[in-house]
Amino acid sequence: LLYIFSSSTSWLSGSPALAYAAESPFGGEKAFFTTPQMSPEADYRQDVCLKHIMVLGAPALAYAAESLFGGEKAFFTTPQMSPEVDYRQDVCDRYKAFRNGTVELKDALRGMKLNVLMGAYNGSYFNYDDETGISAAYPGIAASLLDELAQRAGFTWRTSFGIFTDPRGAAFNETWTDVLTWGVEHYDMNVDWWALNLERLNLGIAYTKPWYDSSIILVGREDEEEIVDEEIEWSDFWNWTKPFSIPVWLTTFATIIVSGFVYMLLEWMNDEVGGRGSWEWFADNLYLSAVNATQAYEYGTPRSVPAKIFALSMASWALILAATYTANLASLLVDKRVTMQKVETVEEAVVFGYPICTVAGTNTDTYIEESFPSALRRPQVTLEDVYRGVNSGQCAFAADVLQSWLGNKNKREFNPNCDLDWVSNNGRVVKSNAAGFATKADAGFKCSGLIRDVINFHMEVMIADESLDDLWTIENKRNQDLDCETFRPELLEELKKSEGNDARRLRDPLVKQRSTLASNPPRRRRLKAATRAAGASAVFSGESSSQQMELEAMMGPFFIHFALMALSVFIAFCTKYYEKRALRDANETKRLDISQKLRVSDNEKSPSLDTAKTQSFGYNSTMKSRLNEDLEGSSTRDDEMQRDPSLKSQVEELRYSIEKSEAATQRKLDMMIEENKNLQGKMDMMIQENQDLRQLTMVIVQREGKTSVRSA
């Protein structure tokens, strides 16, 4: 009865219910995939790219059919930029057949094996590996386009191609124009997106119909206005430390301690210890250093030049430190609205001082360098580096080509937050340009112009039937790993803030709020280094993603302060040395003066002694000689003396007086010699006293300072 009732209900409900009722008796099926939930190892998603290609039409089918034959490796392995090779073929006979009407232009290359040079470098549109050859899964749009042209024109290329890599760097040290010129000189065709410019045309390079839009554009952030706020929670006790990074705080504390030690050294050299103990002395100086770091100057009036230099350095360092801290703390606490100046051209970016990242050595980089010499250009090595610079805040804009941006805007590597976009709203480009394959401009020697003409004919057909658009659709879809049209990464952040990390609660709101966020993006309450405010040059200086002052930015004040401290210590050492030297010289001068005075006093007495001695002995000698002469002279007068006894007595008395005078003179001489010895002893005692006085002076200098020395 229940089955009949359900069947009746099905009839009344209509055919959908009938379909379900018919199938429902076959229930009971169990899950086929039993891999544990959230396991990263499972991958049951199927590749339906081939079905998508079949829907696109015959041109794509032709590519799909040939792509299964991947794995071909380069046939020409001659070293890049080698002048000895020449694989460019002579097609003048085919050109004559075309001119004679034997073959049509579209079939002029049919049956020919075209020798082409393919670009196989990082970022090229040709997926090639030295080990595995051409990718069998997807060879890239350059190979796909060449496959389609080969199928339409009837030539082949997969077994007769060579490759070239990035010509920049130590391996070749060449330019892109150099490798382009070399390629068209030695191969039938150079296959890559070669941008047209006058320099290359002047070198005899001919271009095929463009397949790549190389118009130069600016790519920047979408958000024209944002709220800059760190959402400081006052429940966080350490909010006051946010203006400086941890290395800056540690360096500040170290500077305070070192400054205390330096001032201790200056006080010791200037004899200003004041009888304090070591710990008390250190504590006083550490306190003064810490207080001065807060701009509360407590060093008083320094008396010496080194102390004055140190005090000035400490005050200046504290001023800069306090001003920077106060400004950063205020900027963190204030909710600021920062408006970006609307920029759509390079001229406007130059006026506002916004830096632009480019790929060094490319046509885009050369154009901006020559056309806008005052632009703040920051060349990078690769395109990935260019977008990395924009996402990190190093640059405000990326100078790219339009076709490259269309393929990269949905790639996580280039646009991870889906907040980059073409800055122009009306399709304006910096410079319109196009790129295509390149051949040699040769109409008579080897008639390479015929190859260009045949390629151009079939390119026109592909553009008309939109086959080229289909190939670009495949290229862009295969490489993208984001869908910035429907997914906005900031939604996840907003939901996490409001609902936590519960995945079950995030599931439904994610779907419901996508449309709302597309029209009303959430206010991004976060700090950015790429906040394009009035000071653009400071904003895009490579700072970190917050307003914290890093040690690199604060290195200047610390370095100057340490340099001035070292200067003050050096001057103090020099001053101390010269003062000690001057004191030693003064003491030596005093000692020499005292010795000189003693020698003068001794010399004043010594001449009297010598003179008396000389005079005395000279007189006695004279008297003796005269007496002897008299005696000798009187020998003839002995008879006379015998006759006159009084004369003999007079001679005896005179001899006795002479001997008595000699004895008295000798006694005086001995007394003077003894007195001279006493004077010499006194002089030695005074010299010893002078040395004792010098030692006493050094002790006084060490204990009581210069003032006590002067008083002494």
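Counting from 1, the numbers follow the sequence of the chain as shown.
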Going by distance alone, is a donor N or O of one side chain under 3.5 Å from an acceptor N or O of the other, for Ser448 and Arg88?
yes
Rounding to 0.5 Å, atoms OG1 (Thr177) and CZ (Arg200) come to a distance of 4.0 Å
Trp472 and side chain to side chain contact (heavy atoms under 4.5 Å, CB included): which single residue from Ile474, Leu468, Asp470 fits?
Leu468
Do any N or O atoms from the side chain of Asp421 and from the backbone of Val423 form a donor-acceptor pair under 3.5 angstrom?
no
Can you see whether Phe414 has Lys409 sitting over its ring - NZ or CZ less than 6.0 Å from the centre and within 45° of the normal?
no
Strictly by modelled atom types, are Asp147 and Trp157 linked by a side-chain donor-acceptor pair under 3.5 Å?
yes
Answer yes or no: is there a side-chain heavy-atom contact under 4.5 Å between Asn127 and Ile134?
no
Indicate whether any N or O donor in one side chain lies under 3.5 Å from an N or O acceptor in the other, for Thr439 and Tyr187.
no
Is any NZ, NE, NH1 or NH2 atom of the basic residue among Arg221 and Asp419 found under 4.0 Å from an Asp or Glu carboxylate oxygen of the other?
yes
Would you check if the side chain of Tyr207 reaches a backbone N or O of Ala195 as a donor-acceptor pair within less than 3.5 Å?
yes
Any donor and acceptor pair, going by atom type alone, linking the side chain of Gln380 with main-chain N or O of Ala360 inside 3.5 Å?
no
If you define the side chain from C-beta out and look only at heavy atoms, does anything of Asn456 sit under 4.5 Å from Phe437?
no
Got a second to check how far Ile455's CD1 is from Thr208's OG1, nearest 0.5 Å?
7.0 Å
Can any side-chain N or O of Ser82 pair as donor or acceptor with the backbone N or O of Thr78 at less than 3.5 Å?
no
Could you tell me whether the side chains of Glu72 and Thr159 share a donor-acceptor contact shorter than 3.5 Å?
no
Heavy-atom nearest pair, Gly407 first then Asn476, reads CA-OD1, 3.3 Å
Please test Asp188 against Tyr87 for side-chain contact (heavy atoms from CB on, under 4.5 Å), starting from the C-alpha separation and ending with a verdict.
CA-CA 7 Å; Asp188 294 331; Tyr87 304 126; over 6 Å; no
Side chain of His186, backbone of Val85: donor and acceptor closer than 3.5 Å?
yes
Taking every heavy atom of Val359 against every heavy atom of Asp365, the minimum-distance pair comes out as O-CB, 3.1 Å
ring-ring contact (aromatic ring centres under 6.0 Å, His included) between Tyr44 and Phe33: does it pass, once the steps are laid out?
CA-CA 9 Å; Tyr44 305 125; Phe33 303 111; 4.0 Å; yes
Taking Arg94 for its side chain and Arg110 for its backbone only, find out whether a donor-acceptor pair lies under 3.5 Å.
yes
Using the ring of each side chain (for Trp, its six-membered ring), is Phe126 parallel, tilted or perpendicular to Tyr128, with breaks at 30° and 60°?
parallel
Determine whether a donor-acceptor pair (N or O, by modelled atom type, separation under 3.5 Å) exists between the side chain of Arg378 and the backbone of Gln394.
yes
SB check Asp93 Arg99 (cutoff 4.0 Å)
no
Distance-only side-chain donor-acceptor flag, Thr102 / Asn100, under 3.5 Å
no
Residue pair Val454 / Phe98, side-chain heavy-atom distance below 4.5 Å:
no
Walk me through it: do Thr362 and Trp176 pass the test side-chain contact (heavy atoms from CB on, under 4.5 Å)?
CA-CA 7 Å; Thr362 59; Trp176 289 104; 4.2 Å; yes
Within 6.0 Å of CD in Glu369, more than 12 heavy atoms from elsewhere:
yes
Donor-acceptor contact below 3.5 Å, side chain Asp129 vs main chain Gly133:
no
Do Asn408 and Glu384 have side-chain heavy atoms sitting under 4.5 Å apart?
no
Side chains of Asn479 and Glu475, donor plus acceptor under 3.5 Å
yes
Would you check if Arg377 and Ile356 make a side-chain contact, meaning some heavy-atom pair closer than 4.5 Å?
no
Under a plain distance cut-off of 3.5 Å, with no hydrogens placed, do Thr382 and Asp385 share a side-chain donor-acceptor pair?
yes
Going through the distances and angles, do Asp107 and Glu104 end up as a side-chain contact (heavy atoms from CB on, under 4.5 Å)?
CA-CA 5 Å; Asp107 298 323; Glu104 296 180 341; 4.1 Å; yes
Checking Asn190 against Trp194: is there a side-chain donor and acceptor pair closer than 3.5 Å?
yes
Is there a donor in the side chain of Glu413 and an acceptor in the side chain of Tyr387, or the other way round, less than 3.5 Å apart?
no
Are there over 12 heavy-atom neighbours, none belonging to Lys446, within less than 6.0 Å of that residue's NZ?
yes
Can you name the closest pair of heavy atoms from Lys113 and Ser160 and give their distance?
CG-OG, 3.0 Å
Atom CG in Leu180, atom CD1 in Ile205: separation rounded to 0.5 Å?
3.5 Å
Between Lys73 and Glu131 (side chain of the first, backbone of the second, donor and acceptor by atom type, cut-off under 3.5 Å), is there such a pair?
yes
Distance col, row Tyr125:OH vs Trp211:CH2, nearest 0.5 angstrom, shows 7.0 Å
When you compare the side chains of Asn197 and Asn363, does any donor N or O come within less than 3.5 Å of an acceptor on the partner?
yes
Are Glu347 and Val350 side-chain neighbours, meaning at least one heavy-atom pair lies under 4.5 Å?
no
Can any side-chain N or O of Asp481 pair as donor or acceptor with the backbone N or O of Arg412 at less than 3.5 Å?
yes
Under a plain distance cut-off of 3.5 Å, with no hydrogens placed, do Thr473 and Arg478 share a side-chain donor-acceptor pair?
no
How long is the straight-line distance from CG of Leu471 back to CG of Leu145, given to the nearest 0.5 Å?
6.5 Å
Between Asp400 and Val386, does the side-chain contact (heavy atoms from CB on, under 4.5 Å) criterion hold? Intermediate values first, please.
CA-CA 9 Å; Asp400 199 357; Val386 169; over 6 Å; no
On a heavy-atom basis, which atom in Leu218 and which in Val346 lie closest, and how many Å separate them?
CD1-N, 3.9 Å
Residue Lys106 excluded, over 12 heavy atoms near NZ under 6.0 Å:
no
Is Arg152 paired with Glu148 through a side-chain N to carboxylate O contact shorter than 4.0 Å?
yes
With a 4.5 Å limit on heavy-atom distance, are the side chains of Ser214 and Trp193 in contact?
yes
Please name the pair of heavy atoms, one in Asp213 and one in Asn433, separated by the smallest distance, quoted to 0.1 Å.
OD1-O, 3.3 Å
Check whether any side-chain heavy atom of Glu174 sits under 4.5 Å from a side-chain heavy atom of Val179, and report yes or no.
no
Write down the atom of Ile368, the atom of Ala375, and the distance for their closest heavy-atom approach.
CG2-CB, 4.4 Å
Would you say Asp192 and Tyr121 are linked by a side-chain donor-acceptor pair, where the criterion is simply a distance under 3.5 Å?
yes
State the CH2-CZ distance between Trp422 and Arg428, to the nearest 0.5 angstrom.
11.0 Å
Please tell me whether Thr175 and Asp178 have a donor and an acceptor in their side chains that are separated by less than 3.5 angstrom.
yes
